[in-house]
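Reading through the structure tokens given below for one structure.
Heavy atoms only: backbone and side chains are in, while hydrogens, waters and symmetry mates are out.
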Amino acid sequence: WIKQEDGGRRNIPFTNMYAPQIILEEEERDNVIGWSAFVINKEEKKDDRTTIADIMLFSERCPYELKVRVKFKLYEGSRLVATGEVLEER
């Protein structure tokens with residue numbers, strides 16, 4: 001999670017209803033609005049704002065899949081709040 005002083009969030013959202021836009025590494029932010037996703041943070045790994053989370057795409061029309069090693073960015077509107085990588089598929 002990106003720190004607030006770097007343009008990100010003040011707090012990491014530990015809730016079942018957090019739904020940011022997700023952009024997968026195959027996409028360019030300039031060309032797409034993003035896909036809605038549910039992010040459920042399960043645990044904080046370190047003091048560096050790293051978390052383990054379940055992420056589910058909210059649209060069946062997204063042409064990409066959340067496969068292992070796919071990198072992504074999470075946005076709240078135009079604000080980049082987090083970057084990540086898929087570690088395992090469920």
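Within the model, atoms CG of Leu66 and CD of Glu88 stand 12.5 Å from one another, a figure rounded to the nearest 0.5 Å. How far CH2 of Trp35 is from CD of Gln21: 11.0 Å, rounded to the nearest 0.5 Å. In this structure, the separation between OG1 on Thr50 and CD1 on Ile12 is 8.0 Å, given to the nearest 0.5 Å.
If you look at Phe38 and Tyr18, their ring centroids are not closer than 6.0 Å.
Closest heavy-atom contact between Arg9 and Trp1: CD-CZ3, 3.9 Å. Nearest heavy atom pair, residue Lys73 against residue Thr83, reads CG-CG2, 4.0 Å. Of all the heavy atoms in Arg49 and Ile2, the pair that sits closest is NH2-O, 3.4 Å.
At least one side-chain heavy atom of Val39 sits less than 4.5 Å from a side-chain heavy atom of Asn41. The shortest side-chain heavy-atom distance between Val68 and Leu87 does not fall under the 4.5 Å cut-off. Annotation: side chain of Val86 is not in contact with side chain of Arg69 (no heavy-atom distance under 4.5 Å). The side-chain heavy atoms of Ile55 and Ile40, taken from C-beta on, include no pair separated by under 4.5 Å. Residues Ile23 and Leu74 fail the side-chain proximity criterion, which asks for heavy atoms closer than 4.5 Å.
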Glu85 and Val70: CA distance, side-chain angles, deciding distance, side-chain contact (heavy atoms from CB on, under 4.5 Å) verdict: CA-CA 6 Å; Glu85 182 176 345; Val70 167; over 6 Å; no
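Within a 6.0 Å sphere centred on CZ of Phe14, other residues, nucleotides and ligands contribute more than 12 heavy atoms.
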